Amino acid sequence: PVFVAETGALSEVVSCCDVTSCLLAAAERGPVPGGRVDVLGRGTASATTKEVLDAMFVGLNRWRADQGGPLFTPPSLVTPDQWHRFYLPFARPHMTQRQRHFTDLLAEYLPYMAITEPMAVTWQVEPVLGCIEQSIVRWAETFPRLAMATPAPWVGQDDEDDDELETA
């Protein structure tokens, strides 16, 4: 029921169209002496992680409302320190091996959820919160069963074979 990010964390979300435009411009101008790295983003105008998360739930709730389904409140934000000190130690014993595996994989993204200083960008992009909302609507249209599902607590039992894999 939580999303892990530092308070005030920034999220640089860039559309595929912006990436394509940057690549086409780079191809058109050709090699630059000494090389050049383009950094796409909003820089000081970046959306916060909370704003991105809220936009996702606006899109999901818009789709769910059209289907006559219940609406969701976005999950609370907890800091990585809170996650590692309080939430994860108490949740981990109740997770299946598969849930622990996915939690470990997602942990690789935690450093990105701690960026609170804007990046210096060389290619300023338009705001993308509307695009995020629409992308979530498109996801919901593609996966309606998942989009309409009611979240349930992460508890479960591993099969004995799964337990043997974990200790091996």
Side-chain angles (χ1 to χ4, degrees), residues 1-16 19 39-119 127-168:
V2 298
F3 190 88
V4 184
E6 283 294 340
T7 305
L10 301 174
S11 291
E12 283 287 14
V13 180
V14 179
S15 75
C16 295
V19 172
V39 179
L40 287 72
R42 301 273 304 140
T44 58
S46 297
T48 65
T49 299
K50 181 171 181 357
E51 290 171 325
V52 171
L53 190 62
D54 288 345
M56 292 168 64
F57 276 84
V58 166
L60 179 61
N61 282 334
R62 182 173 33 154
W63 182 85
R64 287 176 69 100
D66 289 346
Q67 311 308 308
L71 305 184
F72 284 132
T73 302
S76 301
L77 289 180
V78 298
T79 67
D81 185 54
Q82 291 169 320
W83 172 250
H84 288 295
R85 296 180 98 202
F86 181 73
Y87 288 90
L88 186 59
F90 289 101
R92 197 165 184 86
H94 303 285
M95 293 179 187
T96 65
Q97 182 179 359
R98 183 173 190 231
Q99 291 165 336
R100 287 188 298 271
H101 177 71
F102 281 111
T103 301
D104 293 343
L105 289 174
L106 290 171
E108 297 298 321
Y109 293 95
L110 286 179
Y112 297 105
M113 299 293 107
I115 297 171
T116 57
E117 295 294 320
M119 291 175 33
V128 295
L129 294 179
C131 180
I132 290 169
E133 289 177 28
Q134 190 56 41
S135 294
I136 293 298
V137 169
R138 179 67 179 113
W139 171 84
E141 290 168 349
T142 305
F143 302 100
R145 186 181 61 78
L146 286 173
M148 195 57 85
T150 301
W154 262 24
V155 294
Q157 294 292 324
D158 284 319
D159 293 336
E160 283 188 41
D161 292 338
D162 290 340
D163 287 336
E164 290 174 16
L165 287 174
E166 185 176 350
T167 57

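For clarity, every value in this text was computed on a predicted model and none was experimentally measured.
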Problem set entry | Heavy-atom check, side chain of W139 versus side chain of L146, under 4.5 Å | yes
Exercise. Can you name the closest pair of heavy atoms from T7 and T116 and give their distance?
Worked result: O-CG2, 3.8 Å
Problem set entry | Distance-minimising heavy-atom pair for S46 and L10 | O-CD2, 4.0 Å
For this session: First locate atom CE of M56, then atom CG of L53, and finally report the distance between them rounded to the nearest 0.5 Å.
Result: 6.0 Å
Seminar exercise, completed: For residues 103-118, the salt bridge (Lys or Arg N to Asp or Glu O under 4.0 Å) pairs (sequence neighbours left out) are R92-D104
Problem set entry | Atom of V2, atom of Y87 and distance for their closest heavy-atom approach | CG1-CE2, 3.9 Å
Problem set entry | Spacing of I132 atom CD1 and F57 atom CZ [to the nearest 0.5 Å] | 13.0 Å
Exercise. Which heavy atom of A47 sits nearest a heavy atom of V52, and at what distance?
Worked result: CB-CG2, 4.0 Å
Problem set entry | Side-chain donor-acceptor pair present, T96, R100, cut-off under 3.5 Å | no
Exercise. Who are the side-chain hydrogen bond (donor to acceptor under 3.5 Å, both in side chains) partners of E6, not counting sequence neighbours?
Worked result: none
Exercise. Does R98 reach the side chain of H101, with side-chain heavy atoms less than 4.5 Å apart?
Worked result: no
Problem set entry | Working for salt bridge (charged side-chain N to carboxylate O under 4.0 Å, His left out), residues D54 and K50 | CA-CA 6 Å; D54 288 345; K50 181 171 181 357; 3.0 Å; yes
Problem set entry | Shortest non-hydrogen separation from F3 to T49 and the atoms involved | CE2-CG2, 3.5 Å
For this session: Answer whether the closest heavy-atom distance between the side chains of V14 and V128 falls below 4.5 Å.
Result: no
Seminar exercise, completed: One should read off an interatomic distance between E51 CD and L129 CG, to the nearest 0.5 angstrom, of 6.0 Å
Ignoring hydrogens and angles, write down the donor-acceptor pairs under 3.5 Å from the side chains of residues 67-81, residues two or more places apart or on other chains.
| unit_1 | atom_1 | unit_2 | atom_2 | d |
| --- | --- | --- | --- | --- |
| T79 | OG1 | Q82 | N | 3.1 |
| T79 | OG1 | Q82 | OE1 | 3.3 |

